[in-house]
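Data first, discussion second: the structure below is written as structure tokens.
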Amino acid sequence: MSIFNDPVKVALAKTLDAAALRQRVIADNIANADTPGFKKGTVEFEAALRQVLGGEPLALKTTDPRHIGSGSLSSVAPRVERVTTTTQRTDGNNVDVEEEMINLVTNNLTYQAAVRFISGKFSSLRYVISGGR
């Protein structure tokens with residue numbers, strides 16, 4: 001195991017990527033809150049990460065029967081899905097601005113926690129490399 005590729009750092013990096021994508025999706029949802037017929041987007045990530053970290057095999061989408069699936073942490077990636085089954089207003093739009101604001105705060109807290117944790121990991125490495133000075 002490399003000190004830069006340990007599973008915790010990889011999971012934190014992927015969490016930061018997912019939070020950045022989620023920020024863009026939430027901003028898109030809020031920007032289109034008054035667009036008739038707009039369907040909000042969500043980011044699916046945590047379930048796949050939990051599945052891999054929990055040791056359960058991850059079912060990968062393959063486009064060819066010769067593809068080999070793997071349940072490794074490197075294969076986990078956030079993906080955007082459109083919610084087409086609900087409607088918030090009569091014009092078909094399903095964006096609830098209050099819900100998006102809550103999602104924004106939650107995403108911000110997740111991002112800050114991941115940054116703080118990975119910063120602590122690198123601070124520990126710096127402490128060891130500098131000989132404890």
I need the minimum non-hydrogen distance between [X] and [Y], along with the two atoms involved.
X: Ala77; Y: Phe45; answer: C-CD1, 4.1 Å
X: Ala114; Y: Leu16; answer: CB-CD2, 3.6 Å
X: Leu21; Y: Pro78; answer: CD2-CB, 3.9 Å
X: Val97; Y: Ala33; answer: CG2-CB, 3.6 Å

Determine whether [X] and [Y] make a side-chain contact, defined as any pair of heavy atoms from C-beta on separated by less than 4.5 Å.
X: Glu99; Y: Lys40; answer: yes
X: Ile102; Y: Thr106; answer: yes
X: Thr15; Y: Leu49; answer: yes
X: Val43; Y: Arg79; answer: no
X: Tyr111; Y: Arg116; answer: no

Could you give the distance from CG (Leu125) to OG (Ser130), rounded to the nearest 0.5 Å? 10.5 Å
Taken to the nearest 0.5 Å, the spacing of Asn103 CG from Ile26 CD1 works out to 5.0 Å
Residues [X] and [Y] bridged, charged N to O under 4.0 Å:
X: Asp17; Y: Lys14; result: no
X: Glu44; Y: Arg22; result: no
X: Asp34; Y: Arg89; result: yes
X: Lys39; Y: Asp28; result: no

Result of checking Asn29, Val80, Val83 against Thr42 for side chain to side chain contact (heavy atoms under 4.5 Å, CB included): Val83
Can you tell me which residue among Val25, Val105, Val95 is in a side chain to side chain contact (heavy atoms under 4.5 Å, CB included) with Glu100? Val95
Look only at the side chain of Asn107 and the backbone of Ala19, and say whether a donor-acceptor pair between them is shorter than 3.5 Å.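 Yes, Asn107 side chain to Ala19 backbone: donor-acceptor pair under 3.5 Å.
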Do Thr86 and Asn94 get their side chains close enough for a donor-acceptor pair, meaning under 3.5 Å? yes
Validate the cation-pi geometry between Lys9 and Phe117: distance from NZ or CZ to the six-membered ring centre under 6.0 Å, angle to the ring axis within 45°. no
